[in-house]
Amino acid sequence: MSDSPNNPNPITSQFGQKSPNYLKGLNPEQREAVTSIDGPLLVLAGAGTGKTRVLTTRIAHILASHLAESSQILSVTFTNKAALEMKQRIGKLIGISVEGMPWMGTFHSIGAKILRRHAELVGLKPNFTILDTDDQIRLIKQLLTAEHIDEKRWPARQFASIMDGWKNRGLLPSDVKSSHAGMFANGLGDKLYADYQQRLTSLNAADFGDLLLLCIRLFRENPDILAQYHSRFKYMLVDEYQDSNVAQYLWLRLLAQGKPAHLANICVVGDDDQSIYGWRGAEVDNILRFEKDFPGAKTIKLERNYRSTGNILAAASSVISNNEGRLGKTLHTDDEKGEKLQVTSLWDSEEEARHTAEQIEQLQRNGQDLNSMAILVRTSAQMREFEEVFIKLGINYRVIGGAKFYERREIRDALAYLRLTHQQSFDLALERIINVPKRGLGTTTVKFIHETARAQNIPMMQAIRMLIETEELGAKQRNTLSFLISQFDDWSARATTTSPFELAGAIFDESGYTAMWKDEKTADAPGRLENLKELVNFMQDFETLAEFLEHISLVLDRANNDNSNAVSIMTLHAAKGLEFNNIFLPGWEEGLFPSQRSLDESGNKGLEEERRLAYVGITRAKKKAFISLAQNRRIHGFWKTALPSRFLDELPPAAVEVTDTGSSFGAHNYGGSNSNKNSASRYDKKDALDDVYETPGWKRMRANSPKTIDGEFTKNHEHTSTGFRITQQVTHLKFGIGTITSIEGKKLTINFDRVGRKKVLDSFVKG
DNA sequence: TAAGCTGAAATTTTT
DNA sequence: TTTCAGCTTA
């Protein structure tokens, strides 16, 4: 690839530069990926190889070369965060305004945008509502009741996820009938699905899956409309292609069909080794198959890593090399080898947390910022113990992920009020807030309204209007409903004259919703009010309520203006795309990581995805990675002895240093009562951790129940607290026969005939 | 109608 | 062990 630009003049005139600056500093592969703009292109970008940079620069290049207008580039990501970051980076790169990229966004937001333009063709109105998961479940429950299906045997959630699976695979109700009948409720699954879709249509609503699925249907049934988009989108770019599911694949295929496959200007960027959402319907196969889908596609591998040290890369590469069916990349770096990865085995998960905290403090003493550290766990249940230790020791932390802003109760309630104001026929929203705050409208009343509405096939709001004219409801209910209706009529009328910001404030006050939380004395009430305020403030940016609501269901996210210095705790999944100098990877035990359930449900496929998760985890680290495992872990209340994760064996010995933790055993005071006293200090730290929101740890703090491990320990194992002696022969379920060499409280050190010396809890061995 | 109780379940969760 | 949803009782 030549260094000199072959399209100088437009650039010079438009951006006032002598040469495209944006190409500078790219390595040859990156540059090729940026400038190969004709025909299909697959960019295999390993972790830390500058993937986002390539994508953004490529867009900049297309724009600067005047190959397309910004409105002619379709650029899809999976998260709003990724879309936002790309917009910002393009803005920086060539100074165009962010607004200039109307077709850059998530699959879902672009799908919604297209769908709104042609809503009538799929039976919706342009102002259709996007259902959230809560509404979805609510709706399914109603359908189950209508079909007299026992909700205990066939939970609504389960059906929601089955249906999600169908939608992810691009299956319409008619497709399901043939292939998956009988999957749910004795073969009623397909009927339920069809009913569900019908209800959505009559509610003028779509769920997340529909945003793509209905788009696909729209394109298939209306070739003329598809053709419009073919001529509109001169270039298509897809980020994180390895995470795309079948529906997204079909959607992209349709949009790319404007030209013969070998000429399609579609560029997908991804890393098959980082595909970790298979359980959500992602098809690694999409990326593995790209070259077949688009014959003649060019493939460029980005293998030069700019993030991690040699040892970290060696470790990650070594682990991932155990997977089969990879497209195959070998990451390399010019960086030094750096420090070895540390692997530490601890007695139990509490000690693991404490040990991690000590390492964090050690790093801090060496001048490292808490912001440079992250703990990546396999399951969120692991977080609690870290939080407890951090609170105890006064280490500031933040939990990333977990409940999203728009998933919170108060936000959903608030949105229900706003949606209902906007569209009074939106029954699901009405059902949500009809008795929030408490108005004395209980299940009986709501059920009656609901049935009346269904019987006459009218919205509930309308049914209420009828019912308050009759004697069918009690006088008290009639009055309440009558008042509620008048309020909504008032709000709906004001929606046209008042700004959404003002209106929302008024609605929440007049409805008594704000008062409800103000009166509530629970610890999290103030936080909820705070969130409400944040939501209302957010509305200042919008002209109309409709505009706000359109935005909200797809794009609302908590503004992460957390400037504090804190260790991050998150799941491995949530860590994708992030990087930290120091990464802690706890819980590398068989059963936990790789997750037993993954193995059971998906076999080798599951194992490989777990392995990719390990790869993602390790490659988050720039400088240091600390892997740890606990020999004993409490799962659902029972202590289990764990074996080291098989992934540990897959680490290259030369890049790893196994830390001796012999001393850690018994070094801490398990039995003493002083840890109870220590725990009181947790409360003192509460104020210092203001910006930390709801986490399991905090809930426990607030619930005022400082349970200690000690207490649980003794309680659970009282019956076995004595009765063993040194030199005694014992049997362990997993390790077999061995001899006790030392006893410390409930911990036995045993020389097993088969597996050597182990420390185990007495309750796991038989004398 | 609303608080308390009981029993089943318990990964990962971009939109 | 914890959590949450649905059921029972005041």
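In what follows, every chain begins at residue 1, and chains take the letters A, B, ... in the order their sequences are listed.
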Residues in contact with DNA chain B, drawn from residues 590-601 of chain A - heavy-atom cutoff 4.0 Å: A:S595, A:R597, A:S598, A:E601
Touch class at under 4.0 angstrom, heavy-atom based, for A:L441 against every strand present: sugar-phosphate
Touch class at under 4.0 angstrom, heavy-atom based, for A:Y277 against every strand present: base
Salt bridge A:R612-A:E609, side-chain N to carboxylate O under 4.0 Å: yes
From CD (A:E410) to CG (A:L415), nearest 0.5 Å: 10.5 Å
Under 3.5 Å donor-acceptor pair, A:R378 side-chain atoms to B:dT11 base atoms: no
Sugar-phosphate only, base, or nothing, as touched by A:G209 at under 4.0 Å among non-hydrogen atoms: nothing
C1'-based separation of C:dT3 from B:dT14 [nearest Å]: 25 Å
Interatomic spacing from CD1 in A:I375 to CZ in A:F386 - rounded to 0.5 Å: 5.0 Å
Sugar-phosphate, base or nothing in reach of A:K576, heavy atoms under 4.0 Å: nothing
Integer angstrom distance from the P of B:dT12 to that of C:dA5: 16 Å
Contact under 4.0 Å: A:S109 side-chain N or O vs B:dT15 OP1/OP2: no
Toward the 5' end of DNA chain B, by each residue's nearest nucleotide, A:F78 or A:R439: A:R439
Nearest-nucleotide pick for A:T79, side chain only, options being B:dT14, C:dT2, B:dT1: B:dT14
Closest to the A:F208 side chain, choosing from B:dT15, B:dT14, B:dT12: B:dT15
Distance below 4.0 Å between A:K141 side-chain N/O and C:dG6 OP1 or OP2: yes
Short side-chain N/O contact to B:dT1 OP1/OP2 from A:T445, under 4.0 Å: yes
SB check A:R633 A:D348 (cutoff 4.0 Å): no
Passing option when A:D239 is tested against A:K51, A:K81, A:K576 for salt bridge (charged side-chain N to carboxylate O under 4.0 Å, His left out): A:K51
Presence of donor-acceptor pair under 3.5 Å, side chain of A:R280 and base of B:dT15: yes
A:H636 vs A:T571, nearer the 5' end of DNA chain B by closest nucleotide: A:H636
Sugar-phosphate only, base, or nothing, as touched by A:E610 at under 4.0 Å among non-hydrogen atoms: base
Qualifying salt bridge (Lys or Arg N to Asp or Glu O under 4.0 Å) pairs with a residue from residues 271-283 of chain A, counting only residues at least two apart or across chains: A:D271-A:K329, A:D272-A:K329, A:D273-A:R326, A:D273-A:K329
Under 4.0 angstrom between A:N80 side-chain N/O and B:dT15 OP1 or OP2: yes
Aromatic ring proximity, centroids under 6.0 angstrom, A:Y277 and A:W279: yes
Sugar-phosphate, base or nothing in reach of A:S244, heavy atoms under 4.0 Å: nothing
Within the 6.0 Å centroid threshold, strictly below: A:W154 and A:F159: no
